[in-house]
Amino acid sequence: MVELETRELEYVVAVAEELHFGRAAARLSIAQPALSKAVRRVEARLGVQLLVRSSRHVALTPAGEALLRHGRHALTAVGAAAEAARRAGDARTRLRLVIKPGGDANLLSGILAGYAEQPDARRVEVVFGGATDRADHVRDGRADLALLYAPFDDLTGLASETLYVEGRVALLPRGHRLAGRAEVRGADLAGEPLPRWKGVPWPAVPGEPDRSAAGPEIADVPQLVQMILLGRTIAVLPRSLVGPVYPGLVCVPVVDAPPSRLVVAWSQLDQRPLVASFVAAAVAEGRRRQAAEVADTANTANTTAPTATTAPHDDA
């Protein structure tokens, strides 16, 4: 079997991503001639051409595309293994939880309080990720756990437990044709431009309404809000990600949209008891919250139900 060193794989992946030897060399902090020589050495060892080179252009061959695709996963796995080993050997190990700002459905305080009562509880470091990269934090070892939204976030390679299930809403500019509705359906949103999240393949999310064209590429929530205010896009989001509603925007329930699930996720390979303890605390808090909401809904229905009256009758 042909073997590649991790450093050689890093060289090839860098050139394949940059498609430019000069930029790749600067990124790797090595001389360009040394990088070119290393890539040719890999090609010779594999017996295939990875790159098509000219004085002005670098392109991937099918073999190069295959190595890039699998090489990225391999480098991620190596980094995650090293980080896991460091954490396992550290008696002061803490848990790292990555979330999106506001992306906890107001569960995090309860989760942390419940976890702190566990006999093996450790310090939890909460770190904030972007709109689309939190799962990668877990895959490459930067975080132990993440709060993610399904089906929006990619759960490939991760184990997960559902904490909270909620409906989805359309976030619209105040002057939108549907802004005055009490509720809408997916068919009502047909043809509306929806945002393309940076780094996420299009179409991004299963269950989104049909549309004729993609909206603008969005990197974060402030950009999304600005584009909605300008009338360039709308968004269909989990209800807990919206409130309080920004001035100038309207939130309308999408009654037939598939529900959104807030999940706690961790690596499928991570079997540590301290991770399992955190997951158990998170699941318990999620169940408590859902049960409380069901009870509140039932109490509200009973309070607002009309009082029964005796039907009038004819004494004649």
Pair K100-D220, salt bridge (charged side-chain N to carboxylate O under 4.0 Å, His left out): steps then yes or no: CA-CA 10 Å; K100 175 166 58 177; D220 53 37; over 6 Å; no
Hydrophobic cluster membership, W197 vs V169, 4.5 Å side-chain cutoff: yes
Donor-acceptor pair, side chain of D153 and main chain of A150, under 3.5 angstrom: no
Test log, rule salt bridge (charged side-chain N to carboxylate O under 4.0 Å, His left out), inputs D144 and R94: CA-CA 9 Å; D144 303 289; R94 66 184 67 178; over 6 Å; no
Nearest heavy-atom neighbours spanning P247 and L229: O-CD2, 3.7 Å
Student check: side-chain heavy atoms of L95 and L274 closer than 4.5 Å: yes
Verify same cluster id: Y115, I99 (apolar side-chain graph, 4.5 Å): yes
Residue pairs involving residues 26-36 (criterion salt bridge (Lys or Arg N to Asp or Glu O under 4.0 Å); sequence neighbours excluded): E17-R27, E18-R27
Side chain to side chain, L189 and L178, heavy atoms closer than 4.5 Å: yes
CZ/R53: more than 12 non-hydrogen atoms of other groups inside 6.0 Å: yes
Within-4.5 Å side-chain heavy-atom neighbours: E192 and R177: yes
Check: T233 side chain, G215 main-chain N or O, donor-acceptor pair, under 3.5 Å: no
CG-OG distance between L35 and S29, expressed to the nearest 0.5 angstrom: 11.5 Å
Single-linkage hydrophobic cluster F128~L108, side-chain heavy atoms < 4.5 angstrom: yes
Check ion pair E65-R72 (N to O, under 4.0 angstrom): no
Electrostatic pair R185-D188, nearest N-O below 4.0 angstrom: no
Closest non-hydrogen atom pair, T162 against R261: OG1-NH1, 2.6 Å
Side chain proximity check, E161 to W266, heavy atoms < 4.5 angstrom: yes
Cluster check I30, V58: I/L/V/M/F/W/Y, side chain < 4.5 angstrom: yes
Distance in Å, L171 CG paired with L249 CG, rounded so as to fall on 0.5 Å steps: 5.0 Å
Check against side-chain contact (heavy atoms from CB on, under 4.5 Å), R134 and L148: CA-CA 7 Å; R134 299 183 314 287; L148 304 174; 3.6 Å; yes
Residues E166 and S240: side-chain donor-acceptor under 3.5 angstrom: yes
side-chain contact (heavy atoms from CB on, under 4.5 Å) between C251 and R239, worked out: CA-CA 9 Å; C251 176; R239 179 64 185 88; 4.0 Å; yes
Flag, side chain of E43 to backbone of L51, donor-acceptor distance under 3.5 Å: yes
Minimum heavy-atom distance between V138 and S267, given as atom pair plus value: CG1-N, 3.6 Å
R288 CZ to I111 CD1 distance, which is reported to the nearest 0.5 Å: 10.0 Å
Face-on cation placement of R289 at Y164 ring, 6.0 Å and 45° thresholds: yes
Residue pair S260 / R168, side-chain donor-acceptor N/O under 3.5 Å: no
Side-chain touch V42/Y11, heavy atoms, less than 4.5 angstrom: no
Reported CZ-to-CZ distance for the pair R272 and R122, which is rounded to 0.5 angstrom: 8.5 Å
Gap between atom CD of E285 and atom CD of Q290 - 0.5 Å precision: 11.0 Å
side-chain contact (heavy atoms from CB on, under 4.5 Å) between L60 and L19, intermediate numbers included: CA-CA 8 Å; L60 290 175; L19 292 178; 4.0 Å; yes
F152 to V236 - nearest heavy-atom pair and separation: CE2-O, 3.9 Å
Heavy-atom check, side chain of H176 versus side chain of V250, under 4.5 Å: no
Heavy-atom check, side chain of L97 versus side chain of F278, under 4.5 Å: yes
Shortest non-hydrogen separation from D154 to A135 and the atoms involved: O-CB, 3.5 Å
Nearest-0.5 Å distance, CG of residue L50 to CG of residue L68: 10.5 Å
Distance-minimising heavy-atom pair for A182 and P253: O-CD, 3.4 Å
Connected via hydrophobic side-chain network under 4.5 Å: V279 and L155: no
Verdict with supporting geometry, Y149 and L241, side-chain contact (heavy atoms from CB on, under 4.5 Å): CA-CA 10 Å; Y149 281 91; L241 286 179; 3.8 Å; yes
R232 vs I228 side-chain heavy atoms within contact, under 4.5 Å: no
